[in-house]
K.L.:
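The structure's right below; bear with me while I get my questions together.
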Number of protein chains: 2
Amino acid sequence: MTPLSYTDADIVALLGTHGIQVTSQRVLIAQLLFQGMTHLSADDVHRLANAGGQQVSKATVYNTLGLLTEKGVIRQVIADPGRVFYDPNTKPHHHFFDVDTGKLSDIDASGVEINGLPSLPTGTRLEGVDVIVRLRSTKHS
Amino acid sequence: MTPLSYTDADIVALLGTHGIQVTSQRVLIAQLLFQGMTHLSADDVHRLANAGGQQVSKATVYNTLGLLTEKGVIRQVIADPGRVFYDPNTKPHHHFFDVDTGKLSDIDASGVEINGLPSLPTGTRLEGVDVIVRLRSTKHS
DNA sequence: CTTAATGCAAAGGCTTTGCAGAGAC
DNA sequence: GTCTCTGCAAAGCCTTTGCATTAAG
């Protein structure tokens, strides 16, 4: 499905570029995210990491996801109350969120244009603009 | 600050219009939200409700906020990981969210225009479009 | 060797749930 | 009298924290 493939070396280079010390757990976690370019929750990452023979603790999963976010390697998506998703795609883009299934999907930002936003309140600077298009699955009626 | 004022009768009418049975707790909670037209977390509501002499349990606060949301009297704002805000303003509008302070503020939708969103995935219908402009407080450097 | 990362378990927020008692109609 | 709402406490996610152990440079 995903044409991109990330070798261990790619991931190691990615971490290095961002000034992140390389460990086996960090490589594994980053790989899980970039492999499928999918949106994963911390629990998803924890489950997938431990499914592959390797063993990674929950604390390390959270530490690593936090670190990767802080260093700009991945970003958080706040769409589901009570669960943060992590997104390896840091290019500007937006999201569909299916309220019924809890699934996220990307909206390419290239076609999307947002006009008329007011200027920022004084004393603040822009961190980012998130657009979440909430969906419901069409079923029963 | 807010020119609007909601009497008990207004709130009772509002609940009635939406097919919600009137109880003193529900009136109080709705009033807290509509009084200031502010964004409140469940905990805010709980604290404010109990500050005013009346006593309302946490369970009732959550039940009532859920009911008001379901009936379309208020809406949720998902911006802060780990905390849901409730917004009495159900007209289309967007939000600033200050990542540092955790404060939400409104962006009037009337000037804002979003173009180029792709069509919805098949089998889904639109629930709403949320735009969150994330801010950081400009401080130290 | 010295510093940083990991793992485990416990603790911490926020929210939901189960069920008895109180209130609404 | 019947049905619904409320309150209390316990339980449930998700996430963070503290500290001893292990790995990295």
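For the numbers below, each heavy atom of this structure counts, side chains included, while hydrogens, waters and symmetry mates do not. Letters A, B, ... mirror the listed sequences (proteins, then strands); counts begin at 1.
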K.L.:
Under 4.0 Å, heavy atom to any atom of DNA chain C: which of residues 18-25 of chain A qualify?
P.N.:
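DNA chain C contact set from residues 18-25 of chain A: A/Gln21, A/Thr23, A/Gln25.
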K.L.:
For a quick test of reading the model: is some side-chain N or O of A/Gln55 closer than 4.0 Å to OP1 or OP2 of D/dT22?
P.N.:
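A/Gln55 to D/dT22 OP1/OP2: no side-chain N or O under 4.0 Å.
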K.L.:
How close or far is atom P of C/dC14 from atom CG of B/Asp43, stated in whole angstroms?
P.N.:
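These atoms are roughly 6 Å apart.
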K.L.:
Can you confirm whether the side chains of A/Ser137 and A/Asp98 place a donor and an acceptor under 3.5 Å from each other?
P.N.:
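There is such a pair (donor and acceptor under 3.5 Å, judged by atom type) between the side chains of A/Ser137 and A/Asp98.
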K.L.:
Rounded to whole Å, how long is the line connecting atom NE2 of B/His46 with atom P of C/dC14?
P.N.:
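In whole Å, C/dC14 P lies 13 Å from B/His46 NE2.
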K.L.:
With a 3.5 Å cut-off and no angle check, do the side chains of B/Asp10 and B/Thr7 form a donor-acceptor pair?
P.N.:
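Note: B/Asp10 and B/Thr7 side chains meet the donor-acceptor criterion.
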K.L.:
Listed in order of residue number, which residues of residues 67-88 of chain B have a non-hydrogen atom at under 4.0 Å from DNA chain C?
P.N.:
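Correct list: B/Gly82, B/Arg83, B/Val84.
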K.L.:
Applying side-chain contact (heavy atoms from CB on, under 4.5 Å), can you list everything that pairs with B/Thr90, at least two apart in sequence or on another chain?
P.N.:
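Result, side-chain contact (heavy atoms from CB on, under 4.5 Å) vs B/Thr90: none returned.
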K.L.:
Write down the atom of B/Ala79, the atom of B/Arg134, and the distance for their closest heavy-atom approach.
P.N.:
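Scanning both residues completely, I find the closest heavy atoms to be O-NH1, 3.1 Å.
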K.L.:
Establish, from distance only, whether the side-chain atoms of B/Asp87 and B/His95 form a donor-acceptor pair under 3.5 Å.
P.N.:
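Side chains of B/Asp87 and B/His95: pair found under 3.5 Å.
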K.L.:
Would you mind reading off the distance between B/Asn50 atom CG and D/dT6 atom C1', rounded to a whole angstrom?
P.N.:
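It is 13 Å, rounded to the nearest whole Å.
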K.L.:
Without hydrogens or angle criteria, can the side chains of B/His39 and B/Asp106 be said to hold a donor-acceptor pair below 3.5 Å?
P.N.:
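Distance-only check passes for B/His39 and B/Asp106.
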K.L.:
Would a distance-only check, ignoring hydrogens and angles, find a side-chain to backbone donor-acceptor pair under 3.5 Å from A/His18 to A/Lys71?
P.N.:
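Answer holds: yes.
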K.L.:
Of the nucleotides C/dC8, D/dT15, D/dT6, which one has an atom closest to the side chain of B/Thr64?
P.N.:
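Nearest to the side-chain atoms of B/Thr64, counting from C-beta on, is D/dT6.
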K.L.:
Could you please name the option among D/dC5, D/dA9, D/dT17 that lies closest to any side-chain atom of B/Arg26?
P.N.:
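Nearest nucleotide to the side chain: D/dC5.
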K.L.:
Return the nearest nucleotide to the side chain of A/Ala59; candidates are D/dG7, D/dT15, C/dG7.
P.N.:
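Ranking D/dG7, D/dT15, C/dG7 by closest atom to the A/Ala59 side chain puts C/dG7 first.
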K.L.:
Is the shortest side-chain N/O distance from A/Tyr62 to OP1 or OP2 of D/dT15 below 4.0 Å?
P.N.:
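Answer is yes, contact under 4.0 Å.
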K.L.:
Using a cut-off of strictly less than 4.0 Å, decide whether B/Thr60 has a side-chain nitrogen or oxygen near OP1 or OP2 of D/dG7.
P.N.:
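So the side chain of B/Thr60 is within the cut-off, an N or O lying under 4.0 Å from OP1 or OP2 of D/dG7.
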K.L.:
Compute whether any side-chain donor of one residue and acceptor of the other, for B/Asp43 and B/Ser41, lie under 3.5 angstrom apart.
P.N.:
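Result is no, nothing qualifies.
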